[in-house]
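Report on the following structure.
Keep in mind that this is a model prediction, so the values were computed, not measured. Every heavy atom of this structure was used, including side-chain atoms; hydrogens, water molecules and symmetry mates were not.
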Amino acid sequence: MNEVIAAMTLMRINYFSLSGLTLMYRELGNAQTIIEHHANIRDIFPDASEKLVNGLRNIDEAKARAEAELEFCQKHGIQPLPMNDEHYPARLRECDDAPLMLFYRGNADLNQQRVINIVGTRHCTAYGKDVISRFVRDLKSLCPQLLIVSGLAYGVDINAHRAALENGYETVGVLAHGLDQIYPPRHRETAVKMISQGGLLTEFFTQTNADKVNFVRRNRIVAGMSDACILVESAARGGGLITARLSRDYNRDVFAFPGRVGDEYSEGCNNLIRNNGAALITSAQDFVEAMGWITDAQLNEARQKGIERQLFPSLSPEEMQIVGALQKQNDQQINMLSVTSNLPVARLTAILFELELKGVVKVLAGGTYHLLGN
């Protein structure tokens, strides 16, 4: 029995107790040795649990399922990656609960020098979409070679994948089901593009439904295979926060974009920052400086290209007039701002209201307008 079939067989035998199985695998070095001693496993691994001992006594059904899975992989260009395969994500391999086997369809190197994940709410707002778009675009100028990982879900995930594709980054989606389906189905077109500019990755066999528990298990792969986790928007509770927590558990760097106080889908990010669970960032420049991924020469070049430190949403020409005036002199009352921005007060009032909603400005005591992040 070859290593791939052996590893698949073990996955089928002990599908929901991976940490114990992984410990055995790490100690013995491969899956074939375990399968060869399936009838007397405690002779080579005395600490094997009773569940494992019982499961290994009859491997015929699990082996047959593994062989069928391998045949499916071969027909559909899927690469099975046992933990000891050189193409298996090395960062993930370090984690105690890493899966014994992954299934991968794509062309990206899962062991690139720099790998990040971008995660957050499934209810991504216009602000969140703009944050992702600007962040990925500016990041490309600062770090041209980088892999972006997410979960292909609604909201932040799919916007992160699409922004990566648009900016020439490779991007990998980690799935909560087998590679015989795409969930949600409406993301199929993006998923197909990712196969030739990144890939799709999962630990699950075909015919596995996208059950709720699988999304939580999926999150540990997203966290474990990355250098850093970037949370864009999150409610007080959400899957993005789980990925952030797992990232901290794996000693990965965690960052979050702040949002407007009181906004439902900024609450999780703001809480995480307040509780020191994530470092606050407002731009790609903040991030690469914190990671130590940028030299002074690169930073100067980026500044010359006009990469802003503040990550403002896309603004209209009139909104940019106001931002420009406040950048020159912050904290202006509306009458003064009307002069410096060259906009009439009646028009200015409406535009300032829109900028407040976008989280670009806020009103201080006395009716003074303050440009956030300046």
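With hydrogens and angles left out, the side-chain atoms of T206 and D180 include no donor and acceptor closer than 3.5 Å. At a cut-off of 3.5 Å, with distance as the only test, a side-chain donor of T125 or E233 sits close to an acceptor on the other residue. For the 3.5 Å distance criterion, the side chains of D97 and Y250 qualify, holding a donor opposite an acceptor. Using a 3.5 Å distance cut-off with no hydrogens or angles, the side chains of E267 and S234 do not pair a donor with an acceptor. Inspection of the T33 and N30 side chains reveals an N or O donor paired with an N or O acceptor under 3.5 Å.
A cation-pi contact, defined as under 6.0 Å to the ring centre and within 45° of the axis, links K140 to Y169. A cation-pi arrangement, defined by a distance under 6.0 Å to the six-membered ring centre and an angle within 45 degrees of its axis, is absent between R260 and Y127.
Side-chain contact between V156 and L231: absent, with no pair of heavy atoms (C-beta onward) separated by less than 4.5 Å. With contacts defined as side-chain heavy-atom distances shorter than 4.5 Å, the pair F45/Y25 does not qualify. The closest side-chain heavy-atom distance from L152 to D157 is not below 4.5 Å. Side-chain contact between I118 and V232 is present, with at least one heavy-atom pair separated by less than 4.5 Å.
Using a 4.5 Å cut-off between side-chain heavy atoms of Ile, Leu, Val, Met, Phe, Trp and Tyr, with links allowed through other members, M336 and I351 fall into different hydrophobic clusters. Residues L352 and V339 do not share a hydrophobic cluster, clusters being chains of Ile/Leu/Val/Met/Phe/Trp/Tyr side chains in contact below 4.5 Å. In terms of hydrophobic clustering, with Ile, Leu, Val, Met, Phe, Trp and Tyr side chains grouped at heavy-atom distances under 4.5 Å, V222 and L179 are assigned to a common cluster. In this structure, L371 is a member of the same hydrophobic cluster as V363, with clusters built from ILVMFWY side-chain heavy atoms closer than 4.5 Å. Note on Y88: it clusters hydrophobically with L110, by side-chain heavy-atom contacts below 4.5 Å among ILVMFWY residues.
Legend: side-chain hydrogen bond (donor to acceptor under 3.5 Å, both in side chains) pairs involving residues 99-112, not counting sequence neighbours, sorted by first then second residue: Q112-E170.
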**Study point:** Worked check of side-chain contact (heavy atoms from CB on, under 4.5 Å) between L10 and I59
**Key:** CA-CA 9 Å; L10 290 179; I59 64 170; over 6 Å; no
Point to revise | Chi angles and distances behind the side chain to side chain donor-acceptor pair (under 3.5 Å) call for N214, R217 | key: CA-CA 5 Å; N214 293 350; R217 291 169 60 83; 4.8 Å; no
Exercise for review: I would like to know whether F205 and F103 meet ring-ring contact (aromatic ring centres under 6.0 Å, His included); could you show each step before the answer?
Suggested key: CA-CA 8 Å; F205 281 59; F103 301 97; 5.4 Å; yes
Review point. Stepwise, does the side chain to side chain donor-acceptor pair (under 3.5 Å) test hold for T282 with D286?
Key: CA-CA 6 Å; T282 61; D286 286 348; 2.8 Å; yes
Practice item. May I have the step-by-step check of side chain to side chain donor-acceptor pair (under 3.5 Å) for R162 and T190, ending in yes or no? Key: CA-CA 7 Å; R162 288 170 178 165; T190 300; 3.0 Å; yes
Review point. Could you walk me through whether H177 and F204 pass the ring-ring contact (aromatic ring centres under 6.0 Å, His included) check?
Key: CA-CA 5 Å; H177 49 76; F204 296 105; 8.2 Å; no
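With L326 as the fixed residue, the side-chain contact (heavy atoms from CB on, under 4.5 Å) test singles out one of V360, L337, D331: L337.
Looking at S247, its side chain does come within 3.5 Å of a backbone N or O of T243 through a donor-acceptor pair. Remark: the backbone N or O of L343 is paired with a side-chain donor or acceptor of S338 at under 3.5 angstrom. A donor-acceptor pair under 3.5 Å is absent between the side-chain atoms of E61 and the main chain of N58, judged by distance alone. At least one donor-acceptor pair closer than 3.5 Å links the side chain of D85 to the backbone N or O of H87. Side-chain atoms of E3 come within 3.5 Å of backbone atoms of Q32 as a donor-acceptor pair (strictly under, hydrogens ignored). Between the side chain of T171 and the backbone N or O of V149 there is no donor-acceptor pair closer than 3.5 Å. No donor-acceptor pair under 3.5 Å is formed between the side chain of T121 and the backbone N or O of C124. Looking only at distances, no side-chain donor or acceptor of T368 sits under 3.5 Å from a matching main-chain atom of L364. No donor-acceptor pair under 3.5 Å is formed between the side chain of E356 and the backbone N or O of V361. Between the side chain of R218 and the main chain of V174, a donor-acceptor pair closer than 3.5 Å is present.
For R347 and E318, the salt-bridge test passes: some basic side-chain N is under 4.0 Å from an acidic carboxylate O. Salt-bridge formation is detected for the pair D227/R91: a Lys NZ or Arg NE/NH1/NH2 atom is positioned less than 4.0 Å from an Asp or Glu carboxylate oxygen. Between R220 and E203 there is a salt bridge, since at least one side-chain N of the basic residue sits less than 4.0 Å from a carboxylate O of the acidic one. Comment: R42 engages E50 in a salt bridge, judged by a side-chain N to carboxylate O separation of less than 4.0 angstrom. Taking a cutoff of 4.0 Å between a charged side-chain nitrogen and a carboxylate oxygen, K75 and E71 qualify as a salt bridge. R245 and D249 are joined by a salt bridge, as a carboxylate oxygen and a charged side-chain nitrogen come within less than 4.0 angstrom of each other.
Distance check: I195 CD1 to L200 CG gives 5.0 Å after rounding to the nearest 0.5 Å. Distance NE2/H187 to CD1/I182: 10.5 Å, rounded to 0.5 Å. To the nearest 0.5 angstrom, S150 atom OG is 8.0 Å from M194 atom CE.
No close placement of the Y154 and H123 rings is indicated, their centers lying 6.0 Å or farther apart.
Heavy-atom neighbours of N342 CG from other residues, nucleotides or ligands within 6.0 Å: at or below the threshold of 12. With a 6.0 Å radius and a threshold of 12 heavy atoms from other residues, nucleotides or ligands, E67 has its CD atom above the threshold.
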